[in-house]
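What follows is one structure encoded as structure tokens, with my remarks underneath.
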Amino acid sequence: MTTMADVARRAGVSVATVSHVLNATRPVRPDTRQAVLDAIDALGYTPNTLARSLVTARTRSIGLAVSAISNPYFTEILQGVEARALAHGYSLLIADPHDDPAHERTVVQLLHERRVDGVIVAPSAEPSALVDYLSRHEVPAVFLDRLVGDGHDQVCAENTAPVEQLVHHLADLGHTRIGLVAGEPGLSTSAERIAGYRAGLDTRGLPFTTELLAGGHSEAQGAEEATHRLLALPRPPTAIITANNTMTIGALRALRSAGLAVPDDLALVCFDDFTWADVFSPGLTAIAQPSREIGSTALELLLDRLADPDRAPRTVRLPCSFVHRTSCGCAA
């Protein structure tokens, strides 16, 4: 069996240097580090992770708890976390909290009991039990997508200005009755996107009416029902904004069942672009979130926290982009 000493001899360095490369415990010159990595590759050396964790009190594993892993948005976040974790020599343990506060706390505790070095969590709408557990046990943590207040490391996309931009675009096309299918109450993303909706109406001189704001609870079935409620109004909207990609699917189902064509009968735009949005006919005008960058930034924030447990917490917001297609009623 190849040992660390074998790697050290082949690379022409000390065993301590090999250890520093493997455990990232001290900076190593790039050429020396590469020589060690080349020796590891040539000899097929596999570190004894269990033994290393006993010595360093680190397992070089990260817990990731995100709901609806089947959602393309969270799938891309996962890919961003995983790619950056692997680059730093960390593995992932993944759990789905199902956006349920009790289950969320349970799965994070299970991850903690498996001695992960830290956790990255997309919190539910009621994260108090989760935050309390992480604080009491001093678990290094980063929250992503949804914010939980000051005092925590967290990363998310900009939410308010992009929705305001969608409202402006629709208003400039002549729409005065613009509906919003909003997300789950209690989520920071829902509140901020509603704020953007109201700000967009205000800056275009359009009144805000509660009847045009329908809760879709961040999922397809809820959005389908919400869209039907909007369509049943005495004066239904001529344009609808959906506040995430899953709710866009529900809204499209409702419009199809009502026999309405997009954009001829009603304009539809959405927050959250997804890979097949340009396959629909018409293509969906959307706000695209930097999902992979959100994931990789969350991992970097966690590594910074592990390296310096006493540093001040940071909140990072990343910009979105406007993807202009034809569901808004514009020409291709």
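For R253, there are no salt bridge (Lys or Arg N to Asp or Glu O under 4.0 Å) partners two or more places apart in sequence or in a different chain. Residues passing the salt bridge (Lys or Arg N to Asp or Glu O under 4.0 Å) test with D99, sequence neighbours excluded: R146. For Y133, the ring-ring contact (aromatic ring centres under 6.0 Å, His included) criterion is met by H112, H137, not counting sequence neighbours. With sequence neighbours excluded, the residues forming a salt bridge (Lys or Arg N to Asp or Glu O under 4.0 Å) with D31 are R29, listed by chain and number. Considering only residues two or more places apart in sequence or on other chains, F322 meets the ring-ring contact (aromatic ring centres under 6.0 Å, His included) condition with H169, H324. Residues forming a ring-ring contact (aromatic ring centres under 6.0 Å, His included) with F143 (at least two apart in sequence, or on another chain): H152.
Taking 4.5 Å as the limit, some side-chain heavy atom of V181 sits within range of a side-chain heavy atom of I240. With a 4.5 Å cut-off on side-chain heavy atoms, L268 and L284 count as touching. Between V167 and I241 the shortest side-chain heavy-atom distance falls below 4.5 Å. Between L212 and L233 there is a side-chain heavy-atom pair separated by less than 4.5 Å. Between C320 and P290, some side-chain heavy-atom pair lies under the 4.5 Å cut-off.
Between the side chain of S188 and the backbone N or O of L147 there is at least one donor-acceptor pair closer than 3.5 Å. A donor-acceptor pair under 3.5 Å links the side-chain atoms of T3 to the main chain of D6, judged by distance alone. Between the side chain of E184 and the backbone N or O of S218, no donor-acceptor pair lies under 3.5 Å. When atom types are taken as modelled, the side chain of T227 and the backbone of A223 share a donor-acceptor pair closer than 3.5 angstrom.
Taken to the nearest 0.5 Å, the CG atom of L306 stands 10.5 Å off from the CG atom of D308. Here the CG-CG distance, from D117 to L111, works out to 12.0 Å after rounding to the nearest 0.5 Å. With rounding to the nearest 0.5 angstrom, the CG atom of D272 is 8.5 Å from the CE atom of M247. Here NE2 of H168 is found 13.0 Å from CG of L173. Values are rounded to the nearest 0.5 Å.
For R311, the CZ atom is densely surrounded, since the number of other residues' heavy atoms within 6.0 Å is greater than 12. The 12-atom threshold is exceeded at CD of E211, counting heavy atoms of other residues, nucleotides or ligands nearer than 6.0 Å.
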Open item on the list: Would R305 and D153 count as a salt bridge (charged side-chain N to carboxylate O under 4.0 Å, His left out) here? Give the steps.
Closed with: CA-CA 8 Å; R305 173 61 56 197; D153 291 316; 2.9 Å; yes

Open item on the list: One pair to check against side chain to side chain contact (heavy atoms under 4.5 Å, CB included): E76 and E293. What are the steps and the verdict?
Closed with: CA-CA 9 Å; E76 291 187 2; E293 188 178 355; over 6 Å; no

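Electrostatic pairing of E192 and R317 counts as a salt bridge here, judged by a charged N lying under 4.0 Å from a carboxylate O. Under 4.0 Å is where a charged nitrogen must lie from a carboxylate oxygen, and between D38 and R10 no such pair does.
Looking only at atom types and distance, the side chain of E300 has a donor-acceptor partner in the side chain of H88 under 3.5 Å away. No side-chain donor from either of D132 and S135 sits under 3.5 Å from a side-chain acceptor of the other.
In terms of hydrophobic clustering, with Ile, Leu, Val, Met, Phe, Trp and Tyr side chains grouped at heavy-atom distances under 4.5 Å, L134 and L303 are assigned to different clusters. Connection of L231 to I249 is established within a shared hydrophobic cluster, with ILVMFWY side chains joined at heavy-atom distances below 4.5 Å, either directly or through further cluster members. Linking Ile, Leu, Val, Met, Phe, Trp and Tyr whenever their side-chain heavy atoms come within less than 4.5 Å puts V15 and I40 in one cluster. Clustering ILVMFWY residues whenever any of their side-chain heavy atoms sit less than 4.5 angstrom apart, transitively, puts V107 in a cluster other than the one holding I62. Put simply, L78 and L318 are part of the same group of oily side chains (I, L, V, M, F, W, Y) that touch within less than 4.5 Å, one to the next.
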